Amino acid sequence: MEDRDIVELYWRRDERALAETASRLDDYCLSIARSVLGDGEDARECVNDAYLAAWNAIPPHRPENLAPFVGKLTRRIAVNALEKRDAVKRGGGQGEVVLEELAECLPSGESVESRVESAELERVLRRFVGTLPPQTRQIFVCRYWYMDPIADICQRFGWSESRVKTQLYRARKKLRHYLEKEELL
Amino acid sequence: MTSKQLLLALGELDESTVKTAHLPMRRNRHRTLRAALIAAAAAVLCLTAVWGAVTGYRAHVAGTSDEFWREFPGTEDGLSSLFFMDGLSEYGADAQVEIALENVQSLLDRSGRSYHFDGSFVKRGENGQMINTAGFDWILVGNAEVMPSLGAMWKHQKYYRPDVSYLETTLIPVEESFLCLITKGKGLVWAEGQENAPEERAKQLFSAEVRGCYRTDSGGCFQLAFRYCPAMPLGPAWFIGENVTLLENIKSADGTGFDVAQMENWIIASAAFRHGEVTIYGVDTTIEEVTDQITHLDLGDVPVVFSTGN
């Protein structure tokens, strides 16, 4: 069944949409959730919540590509689930590590609580990612969208670990400068 | 703004960007390439193992600087020039071969050698003998620079020369008929059970000439400079390296940032050679990170040349 057919089921409020989505995207969404949260029940619950969120979001949305759409929902729910867990429950996911890495892009010390408008930040980040060279963009997205472990990225691109880390380091540094230039920091 | 807010906002990237990043095609291509490399390495190992058994060759593996000099007596006061390069293969896949070659040639020109560099420092004579025409006493290079099956750079079709054994350039001509192979413990290349492949291969090519093999642990060739260059006799030296490889060797303990002390060590190691040059070039990005750190160091009279392919 094609994406548009599944989306059509959602629009008709046909519950087969959920079964079809799970059939096609379960591994994909589970891998995203596990990247953030690690193995465990949390990841499974997160994917189920994502399916429910998709059910609630379509309509009004009509995504052309279902995988990234549901993937985004999974990721968002997984990231939000991070802070609900205490350290003891951490399951070896990349979420905490990635949060620490991204903290490098922010000013040290949170003395000034500057709540940035999410929509503006999202727009700036889209523009920033567009400025990265293609391969850097890919590994940046692999790391900070999919939260792939560094080792997996190395394997995917055939690069050494140090090269991947160096590229990510530079990208984070660029991101910080970009956010400063856009006056978001 | 918090890092979580940033992480959530990154989750809203365009779907096409997200989808493209995880395209499986590239991964498969690398897997295929790696499988081919492993198969080729295995084939070489089988052939050379037979040869090694016949000749009774035994590789010498030294672990410390002292052991190194014991393994190669006579080199203590013989060093007069060194050419050192590593990390160039990082750019093979990016079609930056021309830039890498130009940089090497440029450094060679500045070293006063009239030598045309076509990917090898060593030529074969009419009778098949090896001739060190480059004029350096020592040439240290990374494995990947010289073995076409191991490094992307020399796999580039235009520069692939089946008539030249690329391992030759890993061999360091200290004096006539005395060669030393420096190799590294790259896990991808020398998988379990294939650890002796470079030595065996060297034996196959130069059975009477190779007197031993010095094996470092993992990491770039520059690590050798860190550890051993200060112990080497003075002489002019030329270093060339891609900045990623350079960074690999000066990274801080957590692997993410720069360690100025490490950088200083590296420069001091380089400065142990008189009248040499350090050339660092980068292709994919600027090398501001390096220059920021390096400019305040006292480099003595050692010139540091930066160039980028951008």
Side-chain angles (χ1 to χ4, degrees), chain A residues 63-65 67-69 71-72 75-76 79-80 82-83 95 98-106 110 114-116 118 121-122 124-126 129-130 133-142 144-146 148 155-163 165-170 173 175 179 184-185, chain B residues 1-24 26-31 33-34 37 87 89-90 93-94 144 152 186-188 218-220 242-249 251-252 254-258 282-289 310:
Chain A
E64 286 185 16
N65 295 311
F69 183 82
K72 263 187 189 180
R75 183 186 181 281
R76 193 184 301 156
V79 170
N80 280 319
L82 265 180
E83 65 186 2
V98 166
L99 277 175
E100 283 173 20
E101 287 177 14
L102 286 176
E104 288 176 22
C105 304
L106 305 173
E110 287 292 324
S114 54
R115 178 75 191 170
V116 178
S118 296
L121 180 58
E122 287 160 17
V124 168
L125 287 173
R126 282 195 201 107
V129 169
Q135 283 197 320
T136 306
R137 185 187 313 148
Q138 280 186 281
I139 64 164
F140 186 85
V141 173
C142 285
Y144 300 117
W145 199 98
Y146 288 99
D148 288 341
Q155 191 180 9
R156 176 179 293 273
F157 291 90
W159 287 6
S160 67
E161 185 178 318
S162 61
R163 188 176 181 192
K165 282 183 175 175
T166 303
Q167 292 289 323
L168 290 172
Y169 169 78
R170 290 171 178 167
K173 199 171 166 186
L175 174 57
L179 291 173
L184 290 177
L185 291 181
Chain B
M1 191 195 307
T2 65
S3 52
K4 188 191 159 194
Q5 194 184 352
L6 191 54
L7 190 62
L8 281 169
L10 280 165
E12 304 306 316
L13 292 176
D14 296 332
E15 289 175 2
S16 61
T17 305
V18 172
K19 199 175 172 184
T20 307
H22 254 207
L23 281 178
R26 188 175 181 83
R27 186 180 196 171
N28 290 340
R29 194 170 65 214
H30 279 284
R31 279 182 173 169
L33 175 63
R34 190 165 60 173
L37 292 180
S89 60
E90 295 283 353
D94 299 333
K186 286 197 169 182
L188 176 70
S218 62
E242 192 282 318
N243 58 339
V244 168
T245 302
L246 179 64
L247 301 182
E248 187 175 332
N249 293 286
K251 65 193 174 190
S252 55
D254 65 2
T256 56
F258 298 99
V283 174
D284 57 339
T285 62
T286 66
I287 51 174
E288 288 156 354
E289 302 102 314
N310 290 330

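Just so we're on the same page: letters track the sequence lines, and every chain starts at 1. Remember, it's a predicted structure, so these values are computed and weren't measured experimentally.
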Calculate, to the nearest 0.5 Å, the distance between atoms CG and CZ belonging to B/Leu10 and A/Arg126 respectively.
11.0 Å
Please classify the contact between A/Val124 and chain B as side chain, backbone, both or neither, with a heavy-atom cut-off of under 4.5 Å.
neither
CG-CD distance between B/Leu6 and A/Glu101, expressed to the nearest 0.5 angstrom:
12.0 Å
When rounded to the nearest 0.5 angstrom, what is the spacing between CG in B/Leu8 and CD in A/Glu122?
9.0 Å
Could A/Arg76 and B/Glu12 be called an ion pair, given the rule that one side-chain N must be under 4.0 Å from one carboxylate O?
yes
Select one option (side chain, backbone, both, neither) describing which atoms of A/Tyr144 are under 4.5 Å from chain B's heavy atoms.
both
Relative to chain B, which segment of A/Phe140 carries a heavy atom at a distance below 4.5 Å: side chain, backbone, both, or neither?
side chain
With a 4.5 angstrom heavy-atom cut-off, which part of A/Ile139 approaches chain B: side chain, backbone, both or neither?
neither
State the CG-CZ distance between B/Leu7 and A/Arg75, to the nearest 0.5 angstrom.
4.5 Å
